[in-house]
Amino acid sequence: MKAQIAQELSEIILDVMPDAALLDKYGGIIVERIAGEPKTHCCGYFIYAQHVSLEFSSGVLLPDPDNILEGRGKLRRHIKLMNSQDLQTKQCRHFLEQVAKF
């Protein structure tokens, strides 16, 4: 189930950011909006025992009127994905489209 979520998430990321690179780092996948330009790191995802976490480097800047984003850090915010349906119900594409514009 988690591998399926990760695969679907990768497909959404590359659909939204076709020039992106998905890098295996820090125990997960880090997204560079522009491949080969580390300063364009914008998000990533990590597989945990019970969920996949989609994490946004500057998530605090993302409009979130439905209070989907979790976290209280200075900048980072995340979304816990328990199943494939969460990709849609938790508006992952919408948030990824926002970070693609940073």
Side-chain angles (χ1 to χ4, degrees):
M1 177 64 88
K2 292 179 300 225
Q4 179 182 346
I5 295 168
Q7 177 62 39
E8 291 178 39
L9 192 52
S10 292
E11 291 170 9
I12 294 168
I13 291 167
L14 292 173
D15 187 47
V16 171
M17 296 178 260
D19 296 327
L22 305 180
L23 308 171
D24 189 2
K25 277 187 157 181
Y26 312 120
I29 301 297
I30 301 300
V31 179
E32 282 181 358
R33 283 182 292 116
I34 302 169
E37 294 189 23
K39 291 185 178 186
T40 67
H41 286 184
C42 59
C43 61
Y45 63 86
F46 300 84
I47 299 174
Y48 294 99
Q50 301 299 318
H51 67 281
V52 175
S53 181
L54 173 58
E55 304 190 7
F56 299 98
S57 304
S58 297
V60 71
L61 302 176
L62 299 173
D64 184 22
D66 298 323
N67 296 311
I68 293 170
L69 297 173
E70 300 180 48
R72 297 177 186 231
K74 186 174 180 180
L75 294 175
R76 295 177 74 86
R77 296 291 181 270
H78 65 275
I79 300 172
K80 289 182 183 173
L81 305 167
M82 307 299 277
N83 54 58
S84 289
Q85 293 80 16
D86 282 347
L87 290 165
Q88 184 174 2
T89 59
K90 294 188 177 182
Q91 304 175 30
C92 292
R93 178 179 288 274
H94 171 73
F95 288 111
L96 289 164
E97 288 170 346
Q98 289 183 58
V99 298
K101 296 175 186 174
F102 284 180

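We use all heavy atoms of the structure for the numbers below, so side chains are in, but hydrogens, waters and symmetry mates are not.
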Calculate, to the nearest 0.5 Å, the distance between atoms CG and CG belonging to Leu9 and Asp86 respectively. 11.5 Å
Ring pair (Phe, Tyr, Trp, His ring centres under 6.0 Å) contacts in which one or both residues fall within residues 7-40, not counting sequence neighbours: none
Distance check, rounded to the nearest 0.5 Å: Phe56 atom CZ versus Leu75 atom CG? 14.0 Å
Any residue meeting side chain to side chain contact (heavy atoms under 4.5 Å, CB included) with Glu8, in chain and number order, not counting sequence neighbours: Gln4, Ser84, Leu87
Can any side-chain N or O of Arg77 pair as donor or acceptor with the backbone N or O of Leu62 at less than 3.5 Å? no
Side-chain polar contacts of residues 41-51 - donor-acceptor pairs under 3.5 angstrom, sequence neighbours left out - could you list them?
from, atom 1, to, atom 2, distance (Å)
His41, NE2, Glu32, OE2, 3.2
Tyr45, OH, Ser10, OG, 2.4

Grab the two heavy atoms, one from Glu37 and one from Thr40, that are nearest each other, plus how far apart they are. O-OG1, 2.7 Å
Start with the C-alpha gap between Phe95 and Leu54, add the side-chain angles, then the distance that decides, and say whether side-chain contact (heavy atoms from CB on, under 4.5 Å) holds. CA-CA 10 Å; Phe95 288 111; Leu54 173 58; 5.8 Å; no
Qualifying residues under ring-ring contact (aromatic ring centres under 6.0 Å, His included), relative to His78, sequence neighbours excluded: none
Ile12, Ile30: one ILVMFWY side-chain cluster at the under-4.5 Å cut-off? no
Roughly how far apart are Arg76 CZ and Glu70 CD, rounded to 0.5 Å? 14.0 Å
Would you name the heavy atoms of Lys90 and Ile79 that are closest together and state the gap between them? CD-CG2, 3.6 Å
Honestly curious: do Ile13 and Ile34 fall in one hydrophobic cluster under the side-chain, below-4.5 Å linking rule? no
Greater than 12 external heavy atoms within 6.0 Å of Gln88's CD: no
Which residue pairs pass the side chain to side chain donor-acceptor pair (under 3.5 Å) test when at least one of the two sits in residues 92-102, sequence neighbours left out? Asp15-Arg93, His94-Gln98
Would Leu23 end up clustered with Val99 when hydrophobic side chains under 4.5 Å apart are linked, directly or stepwise? no
Report yes or no: do Leu22 and Val16 belong to one cluster of Ile/Leu/Val/Met/Phe/Trp/Tyr joined by side chain heavy-atom distances under 4.5 Å? yes
Spatial distance of atom CD (Glu55) from atom CG (Leu69) [nearest 0.5 Å]: 11.5 Å
Once you round to the nearest 0.5 Å, how far does CD1 of Ile29 lie from CG of Asp24? 4.5 Å
Under a single-linkage definition using a 4.5 Å side-chain heavy-atom cutoff for Ile, Leu, Val, Met, Phe, Trp and Tyr, are Leu14 and Met17 assigned to the same hydrophobic cluster? yes
Atom CG of Leu81 and atom OG of Ser53: how far apart are they, to the nearest 0.5 Å? 7.5 Å
I need the full list of side chain to side chain donor-acceptor pair (under 3.5 Å) pairs touching residues 57-66, with sequence neighbours left out, sorted by first then second residue. Asp66-Gln91
